[in-house]
Amino acid sequence: MDLLRRGECVNSRSGKVSEWSVAQHLAHLSLANELAFRNVTNLLAGSGLFVVDSGDPVAAAAAVLESGVFPRGIAQAPRMVRPPVEVTLELLDQWIDESRAQFEGLELDADRIDSATKRVTHQLMGPLSAAQWLRFAAIHSDHHTRIAEEIAAGS
């Protein structure tokens with residue numbers, strides 16, 4: 001990720017843009033993507049503690065999934081995906097590498113992802129299919145990457 005290559009900005013902050021640093025946004029993405037990819041894996045297996053047979057995303061979530069845009073400043077990250085206060089580049093590199101490996105493993109299951117019918121419920125978005133979890137991860141990643149880039153540009 002280009003932001004990591006610019007190490008001088010990784011701990012930059014801009015209260016006007018976000019309370020989190022560039023590194024915290026990237027750490028949050030890694031944690032959230034790890035969870036999303038684990039949910040997709042469980043949906044492909046058809047089992048897991050949070051797998052349900054059916055359901056639809058809430059209306060606002062359906063709009064986000066369709067538009068590809070998260071509104072800024074509306075939601076707070078759930079505790080399980082909040083980044084640590086201090087994020088080292090080594091930890092960030094590790095988390096990003098692990099997330100990338102998880103995603104690459106899912107690429108082999110593209111046909112099964114599209115046809116998976118079970119759901120795992122996102123705490124704000126409601127029940128999501130495997131394909132919807134991947135769409136969420138892509139939109140969410142773009143959202144936080146843009147914020148991190150905006151913070152970095154100001155440093």
Side-chain angles (χ1 to χ4, degrees), residues 1-6 10 17-18 20-84 87 89-153:
M1 185 168 282
D2 288 343
L3 287 168
L4 289 181
R5 307 289 175 257
R6 295 165 37 200
V10 80
V17 179
S18 172
W20 287 351
S21 69
V22 169
Q24 286 175 302
H25 278 279
L26 299 178
H28 167 68
L29 276 182
S30 296
L31 294 170
N33 286 342
E34 176 185 349
L35 183 59
F37 299 155
R38 186 178 321 125
N39 287 337
V40 172
T41 299
N42 288 341
L43 287 166
L44 293 178
S47 64
L49 184 60
F50 302 108
V51 173
V52 296
D53 288 330
S54 63
D56 293 312
V58 299
V64 166
L65 292 170
E66 185 175 319
S67 71
V69 177
F70 269 99
R72 275 199 189 178
I74 302 281
Q76 294 291 317
R79 185 172 52 92
M80 70 188 103
V81 293
R82 283 189 198 133
V87 181
L89 284 176
E90 294 77 22
L91 179 63
L92 204 46
D93 276 333
Q94 176 189 339
W95 285 0
I96 290 170
D97 287 346
E98 290 168 357
S99 185
R100 184 177 291 122
Q102 272 185 297
F103 178 73
E104 288 171 354
L106 292 174
E107 286 182 312
L108 302 174
D109 286 318
D111 291 336
R112 290 181 52 223
I113 288 168
D114 287 338
S115 63
T117 58
K118 294 191 182 251
R119 307 282 192 259
V120 170
T121 301
H122 181 280
Q123 64 280 1
L124 298 175
M125 299 187 79
L128 301 178
S129 69
Q132 289 169 326
W133 270 105
L134 288 179
R135 175 86 172 135
F136 163 80
I139 297 166
H140 185 250
S141 293
D142 182 63
H143 173 78
H144 282 282
T145 300
R146 287 177 187 266
I147 294 169
E149 288 172 344
E150 193 174 321
I151 295 167

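Index from 1, following the sequence. Here the structure is a predicted model, which is why all the values come from computation and not from measurement.
Pairs of residues two or more places apart, or lying in two chains, that qualify as salt bridge (Lys or Arg N to Asp or Glu O under 4.0 Å) and include a residue from residues 27-52 are Glu34-Arg38.
Side chain of His28 to main chain of Val81: a donor-acceptor pair is present (N/O by atom type, distance under 3.5 Å, no hydrogens or angles). Using modelled atom types, one side-chain atom of Arg82 and one backbone atom of Ala77 make a donor-acceptor pair closer than 3.5 Å. Side chain of Ser99 to main chain of Trp95: no donor-acceptor pair is present (N/O by atom type, distance under 3.5 Å, no hydrogens or angles). Between the side chain of Arg72 and the backbone N or O of Phe70 there is no donor-acceptor pair closer than 3.5 Å.
Rounding to the nearest 0.5 Å places CG of Leu89 at 9.5 Å from CG of Leu26. Rounding to the nearest 0.5 Å gives a distance of 9.0 Å between CD1 of Ile151 and CD of Gln24. A distance of 9.5 Å separates CG in Leu35 from CD in Gln102, rounded to the nearest 0.5 Å. Rounding to the nearest 0.5 Å gives a distance of 6.5 Å between CG of Asp142 and OG1 of Thr145. If you take CZ on Arg119 and OG1 on Thr117, they are separated by 7.0 Å, rounding to the nearest 0.5 Å. To the nearest 0.5 Å, atom CD of residue Gln132 and atom CE of residue Met125 are 8.5 Å apart.
Heavy atoms only, all atoms of each residue included: Ser141 and Asn33 are closest at OG-ND2, 3.1 Å. Between Ile147 and Ser18, the shortest heavy-atom contact is CG2-CB, 4.0 Å. Nearest heavy atoms, Val87 versus Ala23: CB-CB, 3.8 Å. Across all their heavy atoms, Ala131 and Asp114 have their closest contact at CB-OD1, 4.2 Å. Closest heavy-atom contact between Ala148 and Val22: O-CG2, 3.5 Å. A pairwise comparison of heavy atoms in Leu124 and Ala75 identifies CD1-CB, 3.7 Å as the closest pair.
The one candidate from Val51, Leu44, Val120 that meets the side chain to side chain contact (heavy atoms under 4.5 Å, CB included) condition with Asn39 is Val120.
Counting heavy atoms from C-beta on, the side chains of Leu106 and Phe37 come closer than 4.5 Å. Taking the side chain as every heavy atom from C-beta outward, Pro57 and Leu65 approach each other to under 4.5 Å. At least one side-chain heavy atom of Leu29 sits less than 4.5 Å from a side-chain heavy atom of His140. Considering only heavy atoms from C-beta on, Ser129 stays 4.5 Å or farther from Leu43 through its side chain. Side-chain contact between Arg100 and Glu104 is present, with heavy atoms from C-beta onward closer than 4.5 Å.
Summarising the local packing, CD of Gln123 is surrounded by more than 12 heavy atoms from other residues, nucleotides or ligands at distances under 6.0 Å.
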>> Checking Glu98 against Gln94 for the side-chain hydrogen bond (donor to acceptor under 3.5 Å, both in side chains) test, could you report, in this order, the C-alpha distance in whole Å, the side-chain angles of both residues, the deciding distance, and whether it holds?
In response: CA-CA 6 Å; Glu98 290 168 357; Gln94 176 189 339; 3.0 Å; yes
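Phe136 and Trp133 have perpendicular rings, their planes meeting at more than 60° on a 0 to 90° scale where under 30° would count as parallel.
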